[in-house]
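Here the structure is a predicted model, which is why all the values come from computation and not from measurement.
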Amino acid sequence: DAFMFYALATNRVRSERLDFRHRMADIETLNRQAMEGRWDVTAISFHAFPYIADHYALLPCGGSVGDGYGPIVVSRGALLPDQLRGKKIAVPGKLTTAYLVLKILEPEFEAIVMPFDQILSAVKKDHVDAGLLIHEGQLTFGSEGLHAVLDLGRWWREQFGLPLPLGGNAVRKEFSESLRQEIAAMLRASIQYALNHRQDAMAYALEFARGMDTSLADRFVGMYVNHYTLDYGTQGRQAIEKLLQLGVEKGIIAAPALAEIF
């Protein structure tokens, strides 16, 4: 996110009538705040969208989409995907898309909610049977001596032939269409600026990278800032709709909602 919004945060992309003030928080906190209607524009998990759809619409850009890869379930000892039933699994929040996809795959596990950056430690200390990793933990778990049980993005691609949409950006519905379009255009311009000035944008993003080295951070950004980030396109929209449809059909999402992307 810091990489994508570098140009907005540093006024490389600006508007005569709009001013952006940035607030940082983990994604589960932002999901909960979106349910309260706190922000004008906010990052959210796609899983959270049905619960805020009365007040927010999805923007057509700024999303994190894994194409054949995604959140990873890891364990301390060897564990197979079909052995997850009944296991105690640390998750980064019950509104995260990672949690939703794991529930679609295996409904019967005990979710232990904790901050995403504490999950690796919980697995290593054997406090849980497995952990659901988002963010850079997907790349670093091997160096921690942990084993990959399942890559949810790979499973999703194999099952449905689609990329896995994890998070996006939402804007208040009460804003006029012209204002929402201007916000979307500025976000897209910021993303394109970062891609065109990758070194400068990475240097800015590393200020928020929790000690990651440059090469690891660059690899992680490359995974989730891709062509779907500039625009979901037909396949990205189909993936979002499939995700929410399955969540409703399996009783995980309590309130059905269409993915309204203007």
Side-chain angles (χ1 to χ4, degrees), residues 1-25 27 30-31 33-34 38-49 52-53 55-67 70 97 135 162-209 217-241 243-244 258-262:
D1 290 329
F3 178 86
M4 288 190 285
F5 300 131
Y6 160 69
L8 281 176
T10 58
N11 290 317
R12 266 69 172 183
V13 170
R14 64 184 71 188
S15 163
E16 292 183 358
R17 67 168 178 160
L18 296 180
D19 177 49
F20 287 82
R21 288 172 291 173
H22 297 258
R23 296 291 183 270
M24 298 284 187
I27 192 62
L30 292 177
N31 289 334
Q33 290 175 345
R38 184 172 302 188
W39 307 114
D40 295 327
V41 181
T42 182
I44 60 162
S45 299
F46 285 117
H47 181 193
F49 180 67
I52 66 169
H55 305 292
Y56 288 94
L58 290 176
L59 289 167
C61 57
S64 296
V65 179
D67 200 354
T97 304
H135 298 303
L162 293 167
L164 178 57
L166 297 166
N169 289 291
V171 62
R172 287 190 189 278
K173 277 187 173 180
E174 67 191 59
F175 291 167
S176 68
E177 182 178 351
S178 64
L179 178 57
R180 291 192 292 177
Q181 288 178 346
E182 182 174 353
I183 291 169
M186 291 185 69
L187 293 181
R188 184 177 287 110
S190 182
I191 296 161
Q192 189 63 65
Y193 187 96
L195 291 170
N196 294 343
H197 302 82
R198 191 180 187 91
Q199 186 173 355
D200 292 341
M202 281 302 310
Y204 173 79
L206 282 167
E207 297 175 20
F208 310 95
D218 189 70
R219 182 182 169 196
F220 184 72
V221 165
M223 291 170 65
Y224 292 108
V225 183
N226 49 39
H227 67 279
Y228 294 111
T229 310
L230 288 168
D231 190 284
Y232 297 120
T234 300
Q235 193 174 51
R237 285 165 169 79
Q238 289 175 348
I240 295 168
E241 291 169 359
L243 176 75
L244 300 182
L258 294 175
E260 183 179 339
I261 307 172
F262 76 90

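- Inter-residue side-chain proximity for Glu241 and Leu244 is flagged as unmet; no heavy-atom pair is nearer than 4.5 Å.
- Residues Leu58 and Phe46 have side chains in contact (heavy-atom distance under 4.5 Å, counting atoms from C-beta outward).
- Side-chain contact, Gln33 with Thr42: no donor N or O sits under 3.5 Å from an acceptor N or O.
- For Arg38, the CZ atom counts as densely surrounded, since its 6.0 Å shell holds more than 12 non-hydrogen atoms of other residues, nucleotides or ligands.
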- Report the C-alpha separation of Ile240 and Phe49 in whole Å, then their side-chain angles, then the decisive distance to 0.1 Å, and conclude whether the side-chain contact (heavy atoms from CB on, under 4.5 Å) test is met. CA-CA 10 Å; Ile240 295 168; Phe49 180 67; over 6 Å; no
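- Going from atom CD1 of Ile44 over to atom CD1 of Ile27 covers 7.5 Å, rounded to the nearest 0.5 Å.
- To the nearest 0.5 angstrom, Arg172 atom CZ is 10.0 Å from Trp39 atom CH2.
- What you find for Lys173 and Ala57 is that their closest heavy atoms are CG-N, 3.8 Å.
- Residue Leu195 holds its CG atom at 9.0 Å from CG of Asn226, rounded to the nearest 0.5 Å.
- Within the model, atoms CD of Glu177 and CD of Glu182 stand 13.0 Å from one another, a figure rounded to the nearest 0.5 Å.
- Annotation: side chain of Pro60 is in contact with side chain of Arg237 (closest heavy-atom distance under 4.5 Å).
- Taking the six-membered ring where the residue is Trp, Tyr204 and Tyr6 present tilted rings, their angle falling between 30° and 60°.
- Separating the OH atom in Tyr56 from the CD atom in Glu174 is a distance of 8.5 Å, to the nearest 0.5 Å.
- The backbone N or O of Tyr224 lies less than 3.5 Å from a partner atom in the side chain of Thr229, making a donor-acceptor pair.
- Note: Phe5 CZ to Ile191 CD1 = 6.5 Å, rounded to the nearest 0.5 Å.
- One N or O on the side chain of Asn169 and one on the backbone of Gly62 form a donor-acceptor pair closer than 3.5 Å.
- By the 6.0 Å contact criterion, CD on Glu207 is enclosed, its count of non-hydrogen atoms from other residues, nucleotides or ligands being greater than 12.
- Checked for salt-bridge contact, Arg180 and Asp40 miss the test: no charged N lies under 4.0 Å from a carboxylate O.
- Scored by the salt bridge (Lys or Arg N to Asp or Glu O under 4.0 Å) test, Arg12 finds no partners at all (sequence neighbours excluded).
- Here the side chains of His47 and Asn31 are not in contact, with every heavy-atom distance at 4.5 Å or above.
- Side-chain atoms of Ser45 never come within 3.5 Å of backbone atoms of Ala48 as a donor-acceptor pair (strictly under, hydrogens ignored).
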